[in-house]
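In what follows, a structure is listed as C-alpha cells, so that the remarks can point back to it.
Whatever order the structure lists ligands and atoms in, that order sets their numbers, starting from 1. Scope of the values below: all heavy atoms of this structure, side chains included, with no hydrogens, waters or symmetry mates.
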Amino acid sequence: MSYRGRFAPSATGPLHLGSIFAALISFLDARFHQGTWLVRIDDLDTFRCKPEYSDVILETLSAFALVPDQPPVFQSTRVDAYHEALHTCIAQERVYTCTCRRNDLPRGPYPGYCRHRLGQAPLPDTALRIDTQGLVTDYTDHYQGPVAPENPGDFVIKRRDGLIAYQLACAVDESLDQITHVIRGLDLLNSTAMQQWVRTCLNQPTIMYGHFPTIHGADGSKLSKQTFAEAVDPHRPGVTYSNIAQLLGCTHDLSPEASASEWIHYFQSLGDPVQFLPKTPHLLADAQAE
Ligand code: GLU
Ligand code: ZN
C-alpha cells in the first residue's frame, strides 16, 4: 500500500512553534517516502474547539507552504462513523459502563473497578471503557525503535459527557483516511497502544507509528496552547522556520525573510527526518522569546 500520512491538529487555538514543527516533520516524512500528506482537523470536543480556530489553522498551514494533497477532513463530520465503531465494540462485549469519578482513581493504569459490568448492556449517560485484556504495548516505532510504553489498562472510549474519546475517533479516522503512517510528537506515544487496540477490535490492520522529539519551552515545559506558547506569525513563516532549523542544528544560508516554499525546499534537501532529527526526546526552544 502506498504511503499516506497526516497532521491532525486540534481546533483549540492557533498553531504555535511546536505544532508547526509537528506539521513539518509529518509532511517531510511523507514527501521523503513519495507519500500523500493529509490534514485532519480534530474538532470533536465541542467544549474546547472553535470553527474560527479551524480556519486559522488551515490558513496558517498554507502560509507555511504545508498544503495537504486532499481537502482537509473534520472529525466533527464523522460522529456517525465513531458511533458505529463504538457499537461494533459493544457487540463484541468488550465495553463496560464506568461510574468512577476522576478523584476516585489512582494515577496510572485504570485498576478495573467497574470491570464486573463487562458483558452487561452499557448504561446511558456514563463513561464507557474498553476491555484491554491481552493488550501488548511494545512495538517498533519508526523514530524511536523498539518501545514499551506503560499499559493504559481499560481506557475510556466514550466520555461521561457523551463525547467519543480521542482514542476511538483517531483509530477510526486512520481507517477512513487509509493512513499508513502516523508520524507525530513523542507526547502522543502513550496513545498508540490504545489506538492500535481499537483498530484490532475493529479488525483493521496494524499501521506504522513514528514519534519524533517535541519542542519544549526554554524552561523545559511542553509548548502547548494551554501554556504560554504564542501563535506563529503567518506573515513571517521564515522566522519560525529559521527557529526550527536552529533547534535542529542544521546549517543553511536562508534568511528569516526567505519564502515558506524556499524553506520547505531546504528542509526537503536534508533527506530522511529519521536521520536528521536529534535523538533527544525534546528540543528546547529558547528562540521562543523572539
Ligand atoms: N489532535 C490531537 C493533538 O493535537 C492528536 C494528534 C495526533 O494524533 O497526531 O494532540
Ligand atoms: Zn469505573
Side-chain angles (χ1 to χ4, degrees), residues 4-16 18-27 29-30 37-45 48-49 53-54 57 61 68 72-76 78 95-106 109-118 120 122-123 125-132 141-143 153-160 163-177 179 181-196 198-199 207-212 214-215 222-227 229:
R4 285 169 70 85
R6 92 300 190 269
F7 171 58
S10 298
T12 49
L15 300 177
H16 54 76
S19 27
I20 288 291
F21 180 67
L24 176 68
I25 300 303
S26 70
F27 172 89
D29 199 277
W37 186 70
L38 308 175
V39 170
R40 178 185 87 218
I41 300 287
D42 287 356
D43 58 353
L44 200 55
D45 188 339
R48 293 172 60 226
C49 298
Y53 290 140
S54 308
I57 289 171
L61 287 173
V73 293
F74 295 82
Q75 282 193 328
S76 56
R78 293 177 157 178
V95 175
Y96 61 88
T97 295
C98 174
T99 51
C100 301
R101 297 298 168 127
R102 196 184 293 261
N103 292 344
D104 303 335
L105 296 174
Y110 178 66
Y113 297 150
C114 292
R115 270 188 74 91
H116 58 276
R117 296 205 183 90
L118 194 57
Q120 300 173 11
L123 299 173
D125 305 322
T126 55
L128 299 180
R129 290 185 185 270
I130 189 163
D131 172 26
T132 53
D141 189 90
H142 187 57
Y143 280 75
D154 297 349
F155 56 92
V156 171
I157 56 171
K158 197 196 96 194
R159 295 171 15 176
R160 193 157 58 94
L163 286 182
I164 293 288
Y166 156 67
Q167 309 300 353
L168 174 72
C170 186
V172 171
D173 287 321
E174 316 305 10
S175 302
L176 293 175
D177 301 325
I179 297 301
H181 289 69
V182 172
I183 305 298
R184 60 188 175 190
L186 259 174
D187 53 327
L188 291 161
L189 181 69
N190 287 333
S191 291
T192 297
M194 296 185 251
Q195 295 172 6
Q196 277 287 18
V198 173
R199 291 179 56 82
I207 54 179
M208 178 67 86
Y209 288 87
H211 294 84
F212 50 78
T214 42
I215 298 187
K222 185 185 167 237
L223 286 191
S224 78
K225 292 162 189 164
Q226 283 76 41
T227 59

Pairing of R6 and D177 as salt bridge, 4.0 angstrom limit: no
I25 vs Y143, side-chain contact (heavy atoms from CB on, under 4.5 Å): CA-CA, chis, key distance, verdict: CA-CA 11 Å; I25 300 303; Y143 280 75; 3.7 Å; yes
Heavy atom of Y166, distance to ligand 1 below 4.0 Å: yes
Which of the ligand 1 atoms, numbered from 1, are nearer than 4.0 Å to a heavy atom of D42: 1 (N), 2 (C), 5 (C)
Mode of V182 contact toward ligand 1 - side chain, backbone, both, neither (heavy atoms, under 4.0 Å): neither
Per-atom contacts of ligand 1 with R184, taking only distances under 4.0 Å to non-hydrogen atoms: 7 (C), 8 (O), 9 (O)
Closest candidate by heavy atom, reference atom 3 (C) of ligand 1, pool A171, P9, S10: S10
Verdict with supporting geometry, L168 and K158, side-chain contact (heavy atoms from CB on, under 4.5 Å): CA-CA 8 Å; L168 174 72; K158 197 196 96 194; over 6 Å; no
Ion pair E174/R4, N-O distance below 4.0 Å: no
contact_flag R6 ligand 1 heavy-atom lt 4.0 Å: yes
Heavy-atom donor-acceptor pair, R48 side chain to T12 backbone, under 3.5 Å: no
Backbone or side-chain N/O/S of Y110 under 2.8 Å of the Zn ion (ligand 2): yes
Test item: R117 side-chain N/O and Y96 main-chain N/O as donor-acceptor pair under 3.5 Å: no
SG (C100) - the Zn ion (ligand 2) - SG (C98) angle, nearest 10°: 120°
Sub-3.5 Å N/O-N/O distance, C170 and ligand 1: no
Nearest-0.5 Å distance, CG of residue L128 to CD1 of residue I164: 8.5 Å
